[in-house]
Number of protein chains: 2
Amino acid sequence: MAPRPASKTAEPSDKVGLICRALRRAIIEQALAPGAKLPEDSLGERFGVSRTIARHALGQLAAEGLVELRRNRIAVVATPSWQEARDAFDIRIELERLVVRQLAGKLTKAQIAELNTHVDAEDRARDGSDAVSIRLATEFHILLANMTNSPILVRYVSEVAYRCCLTLSLYSRPHSSECAINEHRAIIAALVKGDEAKVMSLMHSHLDSVASRALVAPAPQRGRDLLDILAPYAEEGEGERVVKMPKVVRVR
Amino acid sequence: MAPRPASKTAEPSDKVGLICRALRRAIIEQALAPGAKLPEDSLGERFGVSRTIARHALGQLAAEGLVELRRNRIAVVATPSWQEARDAFDIRIELERLVVRQLAGKLTKAQIAELNTHVDAEDRARDGSDAVSIRLATEFHILLANMTNSPILVRYVSEVAYRCCLTLSLYSRPHSSECAINEHRAIIAALVKGDEAKVMSLMHSHLDSVASRALVAPAPQRGRDLLDILAPYAEEGEGERVVKMPKVVRVR
DNA sequence: TGCGCCTCAATTGCATGCAGTTTGAGGGCG
DNA sequence: CGCCCTCAAACTGCATGCAATTGAGGCGCA
């Protein structure tokens, strides 16, 4: 059985699927930052399809939460709030505990090899760009989910992992992936050993540490509302609230 | 005003959203059985929109796993395998444990009243059709999820609950909902009391019992004409009155 | 009668066109 | 000098048209 994701339900056509995959990748590698605009025409032109198809792809990505669609407005890469990021990680923890619970002691030799190969790749990518490290780290988790042979679980884990990726690019500082890689190795070891409780707790703490490293504080960042950013400054001024800002300076 | 779910990302347009909601409802009330065909034209005519919109709606539902889309083939209501049903319930259990964990002891008076009102409605519907009971039971869980104020959790719980509904119509015998209603009341009580562990275990066993009741022989469903089935669902909103009754859609 | 090929209506895949809405840039006015 | 108003360009919402694919019934042939 080739480990074909081949989500039976997700991508109706190949062209739409192609665009979805490309955009997903661009988003999780932060080539497209949260808030980036995604006009249908430009997408269509870039991928050599009509607006109809680009539109459909955006619809799918919106259903996954990677893109925000508002009526009559240009689609943008989603900008999850800090709270949403926290929620996503909470959900992710539960889902991935389920993954490793199902997998503990049940991996084939081939699967173990595949996992090790992947972590090796993560290792090699450590000197490369952060974007690639983050993508590989995420793909490790998706690889695990795939091994459960549960399409539903695969879909949810993938989605929520992508969303978490998104939040990393918003709220995280430069990624130090060493520990993550070691934790991945530890998880593989525990899976092979078949220690269900151990691997679930490993996965829990792994994700928890990633989350807490990433979501330390609602960092003032590009994409946040200007008025929020200025709130602390406004308090100091003579009690008068900021009545009106002259033309909002568009951040990018 | 009304506490509308208003999923920010899911339904790009209102027309698409309308069709999605109508079809979702038709599916979980088993007016559309698994395997029922959903040709774009027929949907478009029934709802007074073009194929483009119907197509988009089908795409969304496919992303939710309620509909199966295969290239160049008529879309059909999803027919989850028994294993997929089991997986869906496993995921659902974890997600809903998360819901009640977040909610335990944190419900406002208004929310408690809302839950009680809903369960009362379930009670009253006990004599009505099974379809309505099942829908109400599902909506109880979605109502709970909504109270977490976590859009992501709401979306996942809703999706997976709908999927479970689907499987019930495939593998379950006539629903005896009394116990479910009592279990709902017990969950509310534990939530109010704030006993986190208790409510999590209650939710677990509640869903587990629903799931294990769903291990019966598959029920062969005879299909009616799609346009007739959808007639009552098309009324919501200002749908065009399309009087034309085109060819009969034969449902397998 | 039974089996396989062939044809055609039904249906999807996709592009394009038109109408309505939003954006944002420039000019006039206080 | 800054604010508001206006208007055009940009963009989305949606319908329609044409080509490609499917699969189901009909026909011929053994």
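Chain A is the first sequence line, chain B the second, and so forth, proteins listed ahead of strands; every chain is numbered from 1.
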Trainee: Can you name the closest pair of heavy atoms from Ala57(B) and Val16(B) and give their distance?
Mentor: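 Closest heavy-atom pair between Ala57(B) and Val16(B): CA-CG1, 3.8 Å.
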Trainee: Can you list the steps and then say if Val160(B) with Leu95(B) is a side-chain contact (heavy atoms from CB on, under 4.5 Å)?
Mentor: CA-CA 9 Å; Val160(B) 85; Leu95(B) 290 179; 4.3 Å; yes
Trainee: With Met147(A) as reference, evaluate Val154(A), Val99(A), Thr108(A), Leu115(A) under the side chain to side chain contact (heavy atoms under 4.5 Å, CB included) test and give the passing residue.
Mentor: Leu115(A)
Trainee: Go through the steps for Gln111(A) and Leu103(A) under the test side-chain contact (heavy atoms from CB on, under 4.5 Å), then give the verdict.
Mentor: CA-CA 11 Å; Gln111(A) 288 175 323; Leu103(A) 251 35; over 6 Å; no
Trainee: Taking CG from Leu18(B) and C1' from dC14(D), how many angstroms apart are they, rounded to a whole number?
Mentor: 15 Å
Trainee: For Asn146(A) and Ile142(A), run side-chain contact (heavy atoms from CB on, under 4.5 Å): C-alpha distance rounded to whole Å, both residues' side-chain angles, the deciding distance at 0.1 Å, then the answer.
Mentor: CA-CA 6 Å; Asn146(A) 260 298; Ile142(A) 296 177; 3.8 Å; yes
Trainee: Tell me: CD of Glu40(B) to P of dG13(C), nearest whole Å?
Mentor: 6 Å
Trainee: Could you give the NZ-to-P distance, from Lys37(B) to dT11(C), as a whole number of Å?
Mentor: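 From Lys37(B) NZ to dT11(C) P: 8 Å.
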Trainee: Starting from P on dT12(D), measure out to NE2 on His56(A) and report it in whole angstrom.
Mentor: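 For the pair His56(A) NE2 and dT12(D) P, the rounded distance is 16 Å.
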Trainee: Can you check nucleotides 19-21 of chain C for protein contacts, nitrogen or oxygen pairs under 3.5 Å, and list what you find?
Mentor:
{"from": "dT21(C)", "atom 1": "O3'", "to": "Asn72(A)", "atom 2": "ND2", "distance (Å)": "3.4"}

Trainee: From C-beta outward on Thr52(B), which listed nucleotide comes closest to its side chain: dT11(C), dT12(D), dA15(C)?
Mentor: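 For the Thr52(B) side chain, the nearest candidate turns out to be dA15(C).
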Trainee: Quickly work out the Ile53(A) CD1 to dT16(C) C1' distance and round it to whole Å.
Mentor: 12 Å
Trainee: Which whole-number value in Å describes the distance from Asp41(B) CG to dA9(C) P?
Mentor: 16 Å
Trainee: End-to-end bend of the helix from dT1(C)-dA30(D) to dG30(C)-dC1(D) (five-pair axes, 10° rounding)?
Mentor: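 Computed from the C1' atoms at both ends, the axes differ by 10°.
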Trainee: Look at the side-chain N and O atoms of Arg55(B) and state whether any lies under 4.0 Å from the OP1 or OP2 oxygen of dG13(C).
Mentor: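 Indeed, a polar side-chain atom of Arg55(B) lies that close.
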Trainee: Return the orientation label for the His118(A) and Phe140(A) ring planes: parallel under 30°, perpendicular over 60°, tilted otherwise.
Mentor: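 Ring orientation, 0 to 90° scale: tilted.
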Trainee: Between Glu84(B) and Pro151(A) (side chain of the first, backbone of the second, donor and acceptor by atom type, cut-off under 3.5 Å), is there such a pair?
Mentor: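 No, Glu84(B) side chain to Pro151(A) backbone: no donor-acceptor pair under 3.5 Å.
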Trainee: Please evaluate the base of dG13(D) for a donor-acceptor partner in the side chain of Arg73(A) within a cut-off of under 3.5 Å?
Mentor: no
Trainee: Starting at atom CZ of Arg51(A), determine the distance to atom C1' of dC18(C), rounded to an integer number of angstrom.
Mentor: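 It is 11 Å, rounded to the nearest whole Å.
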Trainee: Taking the side chain of Lys15(A) as heavy atoms from C-beta outward, which of dT16(C), dT12(D), dC14(C) is closest to it?
Mentor: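 In terms of side-chain proximity for Lys15(A), the closest of dT16(C), dT12(D), dC14(C) is dC14(C).
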Trainee: So which nucleotide from dT12(D), dA15(C), dT11(C) ends up closest to the side chain of Pro39(A)?
Mentor: dT12(D)
Trainee: side-chain contact (heavy atoms from CB on, under 4.5 Å) for Tyr156(B) and Ile91(B)? Distances and angles first, verdict last.
Mentor: CA-CA 10 Å; Tyr156(B) 285 162; Ile91(B) 295 173; over 6 Å; no
Trainee: Suppose the criterion is ring pair (Phe, Tyr, Trp, His ring centres under 6.0 Å): which pairs have a residue in residues 22-55 of chain A, not counting sequence neighbours?
Mentor: none
Trainee: Rounded to whole angstroms, how far apart are CD1 on Ile74(B) and P on dA20(D)?
Mentor: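 Rounded to whole Å, this separation is 20 Å.
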